[in-house]
Amino acid sequence: METIDVLVKETVFRNEENGYSVLSFSIGDSAEKLNAVGSLPLVNDGERLSLTGEWVENQRYGRQFRIHSCVFSQPSSVSSIEKLLASGWVKGIGPSTAKLVVQAFGMDTMDILQFTPERLATLPGIGKKRAAMIAQSYQEKNGARDVMISLQGYGIPPNLSMKIFKVYGDKTNAVLRENPYRLVEDVRGIGFKTADEIASKVGIQKDSPFRVQAGILYVLKTAALSDGHCCLPRQMLYARTEDLLSVNREFIDNEFIELVLKKKLALRKSGEDEFVYLSSHNDAELEVAAKLVKLKNAAPSISYETAQPYLEDISRFEISMNTKFDEVQREAVLSAIRDGTCVITGGPGTGKTTIIRCILNLVGNGEETVLAAPTGRAAKRMTDATGREAKTIHRLLEYGGDEERFLRNEENPLECKTIIVDETSMVDIFLMRALLRALSLGTRLILVGDADQLPSVGPGNVLHDVIGSGIIATTHLVNVYRQSGNSLIAINAHKINHGEMPTINDKHADFFLERRGSAIAAAEAIVELHADRLPRFMNMREPSINMIQVLSPMKKGDCGVIALNSLLQARLNPKERGKPELMRGENLFRKFDKVMQTRNDYNLEWELAGKKGQGVFNGDMGIIEEVDTDAKLITVKFDDDRVSIYELSQLDDLSLAYCVSVHKSQGSEFPIVLMPVVGGPPMLLTRNLLYTAVTRAKQLLVLVGREDALAVMVNNINIEQRFSFLAERLREMLEKTQC
């Protein structure tokens, strides 16, 4: 790091949202103009700064000083004071007024503005009212700058400092001194650990009530985001909080009770155990249970006898499609007509798509029936399979800028009589609540999915719990029919699901094991298969990144997501002169990289065919079209042709996607799937994870690694429990309505 004292000549560029600026400056008496880049408080022409950072060589603009922090210096001459004020920095002072003020007060001008601004009223043409306006503007601008600089002292980067100041204004320092943990709830992008670091710097004690309460809430939020829990057993919550905070349980218990009294936590008794919810999760679970029961009870009353005429329609559909339903498949169609609210579940090749087409044929193909899926890829597959437009649930509900602002809700419900939702295993408790809010009583709800796949990334285990409740009509499809030629993907998926080893390496099939003895060798083989062998074998006419998806069971290790992405990026999209790239944290993004959004961002704007909208969601995949290294902007074109521009801070929610985790691949289908099977933590390498990975492949699946590691996954039936009570609450709600 180097520190230089500079005179700002000009602000070449500034992004007001994140403070990213390009400054033209000189050093000392030199006339040479140099450039500096970085996120800064508002800087004006003529100001003197002390910049700390490093010199870098930009491919397009040459030598620049990359700023890490800055300190503002008072102007050192009358001319520099006049230039600063003439820049329009202070409201009410322009070039002529700046000259007047500086002629009157000289080098004391800045002190006059700060301590005795009423003296400005003695100057010709200013007066008391204008002097007061100037004083207020100066205090606001100076205060904002002081806050931004003080936040730097806490190790907060300028882009986050800007967000904090926008929330708290001149009260920022007071908030930080009293309770910095407020930032976690109030400022997007600030987590518990950042707030905890600030707290230690301002002298907040480890056993502070603010800290303990924030720690308890953080543990519950982390359990939801990382592990999908809607709640935790109370003693588990205490143990995790104790590990996080290093405080006695007495303090935890006291603040836990306080949070319950504040209604930030909710409790549920189950046997001898007590479970703790964040109130938002508890409310969502209760609301989902209540609405599902209401939809079930409000469904049109159709008896078995009344439903019989539909059998003739089903037979006509079979003839037109040259297919024949088995008894269970026919019952699935009838259940959708008869029960109003139902679930159809089954693995690949069991006929779910054909059943959906038949239901559409029976209930009508007009606007009264809508199709939806959790992700863009799943919606596109539904559209291709049925010939009817399917929308993502977010798009169907017309999201309006943030998670709680779907425009379709109880007051503005969807105008449909039937809704069919595919890939329901991916739907978490909050998305299901949003969907149910938009359905009028009497709407036919058909949930389709594979209950044996991994549950949703978000909190809850909705499809599994709805089926487990026993109160919603459910049809389990078991017979496999998608056996085109010698296809083994569907057959092996069901073998794996039943604990049987898959059939591998039939040279005429589509399911292979490429044997490698070590993780490093497997990683090298995956790169070679992706970059060279498979494109030649499949005679691909388009880039392999459009056809091949690498999946990994884990993030870390030689065959983890992180390592494989690095290897694949280096081989498939190497560093080249003139190809721009941008570093964010440990992630390097390069033009033409394949990327994925990793968190719902309801505010990120997109454009599609001249239309604009908001919202990019967890699992959306695309290609980087442009990298602006100076403005720190990345342009991504997603698979559905939406285009979004990411600022530097938003890149925290973007990751390389040459390889993605099996969890992140849910709802997607890829022509070719590559996956390492090299051993690892038993809690990750489970049967249902392997099953989920296999069912993502459409044309070809290649596992790379060891047969014994594959056998371990097939035999590992360990499924980590998700703490939720949706199934129990569904039964309880139904019982209440029947009393």
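Open room surrounds CD1 on Ile645; 12 or fewer heavy atoms of other groups in view lie less than 6.0 Å from it. In this structure, Met683 places its CE atom where only 12 or fewer heavy-atom neighbours from other residues, nucleotides or ligands lie under 6.0 Å away. Heavy atoms of other residues, nucleotides or ligands lying less than 6.0 angstrom from NE2 of His394 number more than 12. Heavy atoms of other residues, nucleotides or ligands lying less than 6.0 angstrom from CD of Glu327 number 12 at most. Heavy atoms from other residues, nucleotides or ligands lying under 6.0 Å from CD1 of Ile520 number 12 at most.
By the salt bridge (Lys or Arg N to Asp or Glu O under 4.0 Å) test, Glu524 is found to be paired with no residue, residues two or more places apart in sequence or in another chain being considered. Contacts of Glu605 classified as salt bridge (Lys or Arg N to Asp or Glu O under 4.0 Å), with partners at least two apart in sequence or in another chain: none.
Salt-bridge check for Arg642 with Asp620: passed, with a basic side-chain N closer than 4.0 Å to an acidic carboxylate O. A salt bridge links Glu707 and Arg515; the closest N-O separation between the charged side-chain nitrogens and carboxylate oxygens is under 4.0 Å. A salt bridge does not link Arg533 to Glu528: none of the charged nitrogens lies less than 4.0 Å from a carboxylate oxygen. In this structure, Lys591 does not pair ionically with Glu625, as no charged nitrogen and carboxylate oxygen lie closer than 4.0 Å. The residues Arg377 and Glu669 are annotated as not salt-bridged, no charged nitrogen and carboxylate oxygen being separated by less than 4.0 angstrom. For the pair Asp384 and Arg381, the salt-bridge criterion is not met [side-chain N within less than 4.0 Å of a carboxylate O]. With salt bridges taken as basic N to acidic carboxylate O contacts below 4.0 Å, none links Asp628 and Lys632. In summary, Arg516 and Glu514 engage in a salt bridge, as defined by a charged side-chain N under 4.0 Å from a carboxylate O. Salt bridge status for Asp652 with Arg584: present, with a side-chain N to carboxylate O gap under 4.0 Å.
The closest side-chain donor-acceptor pair between Asp452 and Asn688, if any, does not fall under 3.5 angstrom. Lys664 and Asn618 share a side-chain donor-acceptor pair at under 3.5 Å. Under the 3.5 Å distance criterion, with hydrogens and angles disregarded, a donor-acceptor pair is assigned to the side chains of Ser544 and His530. Tyr646 and Asp653 are not linked by any side-chain donor-acceptor pair at a separation below 3.5 angstrom, with hydrogens and angles left out of the test. Thr503 and Lys495 are linked by a side-chain donor-acceptor pair at a separation below 3.5 angstrom, with hydrogens and angles left out of the test.
Once rounded to the nearest 0.5 Å, the distance linking NZ of Lys637 with CG of Leu608 reads 9.0 Å. We find the CE-CE distance between Met540 and Met547 to be 5.0 Å, quoted to the nearest 0.5 Å. To the nearest 0.5 Å, atom CZ of residue Phe406 and atom CG of residue Leu396 are 10.0 Å apart. Rounded to the nearest 0.5 Å, atoms CZ (Arg706) and OG (Ser518) are 9.0 Å apart. For the atom pair Ile548 CD1 and Leu529 CG, the distance stands at 8.0 Å (nearest 0.5 Å). Separating the CE atom in Met432 from the CG atom in Asp428 is a distance of 9.0 Å, to the nearest 0.5 Å.
Each of Val673, Ile672, Asp510 was compared with Leu701 under the side-chain contact (heavy atoms from CB on, under 4.5 Å) criterion, and only Val673 meets it.
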query = Can you list the steps and then say if Tyr658 with Asn573 is a side chain to side chain contact (heavy atoms under 4.5 Å, CB included)?
reply = CA-CA 10 Å; Tyr658 300 101; Asn573 189 27; 3.3 Å; yes
message = Show, in sequence, the C-alpha distance, side-chain angles and deciding distance for Asn587 and Leu651, and conclude whether the side chain to side chain contact (heavy atoms under 4.5 Å, CB included) test is met.
response = CA-CA 9 Å; Asn587 292 318; Leu651 294 181; over 6 Å; no
ask   = Can Lys391 and Glu398 be said to form a salt bridge (Lys or Arg N to Asp or Glu O under 4.0 Å), step by step?
value = CA-CA 10 Å; Lys391 298 180 178 180; Glu398 301 174 23; over 6 Å; no
ask   = What's the verdict on salt bridge (Lys or Arg N to Asp or Glu O under 4.0 Å) for Arg330 and Asp326, showing C-alpha distance, side-chain angles and the deciding distance?
value = CA-CA 6 Å; Arg330 187 173 287 105; Asp326 64 25; over 6 Å; no
Side chain to side chain contact (heavy atoms under 4.5 Å, CB included) assessment of Leu439 paired with Leu414 = CA-CA 6 Å; Leu439 301 184; Leu414 293 168; 3.9 Å; yes
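Closest approach of Pro682 and Asn718 over heavy atoms only: O-ND2, 4.4 Å. Between Leu648 and Met583, the shortest heavy-atom distance links the atoms CD1-O, 4.3 Å. Across all their heavy atoms, Ala336 and Cys342 have their closest contact at CA-SG, 3.6 Å. Between Asn497 and Arg687, the shortest heavy-atom distance links the atoms O-NH1, 3.7 Å. A pairwise comparison of heavy atoms in Ala523 and Asp558 identifies CB-O, 3.6 Å as the closest pair. Contact record, Pro459 with His229: CB-O, 3.9 Å, taken as the closest heavy-atom pair.
The main-chain N or O of Thr353 is never found under 3.5 Å from a side-chain atom of Arg357 such that the two would form a donor-acceptor pair. A donor-acceptor pair under 3.5 Å is formed between the side chain of Arg722 and the backbone N or O of Gly460. Distance alone, capped at 3.5 Å, places no donor-acceptor pair between the Gln569 side chain and the Ser566 backbone. Without hydrogens or angle criteria, Thr383 side chain to Ala379 main chain gives a donor-acceptor distance under 3.5 Å. A donor-acceptor contact shorter than 3.5 Å is absent between the side chain of Glu581 and the backbone of Leu588. Proximity of a side-chain donor or acceptor of Gln549 to a complementary backbone N or O of Ala657 within less than 3.5 Å is detected. With hydrogens and angles ignored, the 3.5 Å screen pairs a side-chain donor or acceptor of Lys352 with a backbone N or O of Gly346. At distances below 3.5 Å, not a single donor-acceptor pair connects side-chain atoms of Asp593 with backbone N or O atoms of Val595. The backbone N or O of Leu656 sits less than 3.5 Å from a side-chain atom of Asn565, completing a donor-acceptor pair. In this structure, Ser665 contributes its side chain and Val662 its backbone to a donor-acceptor pair below 3.5 Å.
Val550 is listed as a side-chain neighbour of Ile526, based on a closest heavy-atom distance under 4.5 Å. Under the 4.5 Å side-chain criterion, counting only non-hydrogen atoms from C-beta, Phe325 is in contact with Ile355. Counting heavy atoms from C-beta on, the side chains of Thr686 and Leu689 come closer than 4.5 Å. Inter-residue side-chain proximity for Leu360 and Thr386 is flagged as met; some heavy-atom pair is nearer than 4.5 Å. At a threshold of 4.5 Å between non-hydrogen side-chain atoms, the residues Gln699 and Met538 count as touching. Taking 4.5 Å as the limit, some side-chain heavy atom of Thr474 sits within range of a side-chain heavy atom of Thr345. A 4.5 Å side-chain heavy-atom check between Phe512 and Leu703 finds every atom pair outside the cut-off. Under the 4.5 Å side-chain criterion, counting only non-hydrogen atoms from C-beta, Pro676 is in contact with Ser552.
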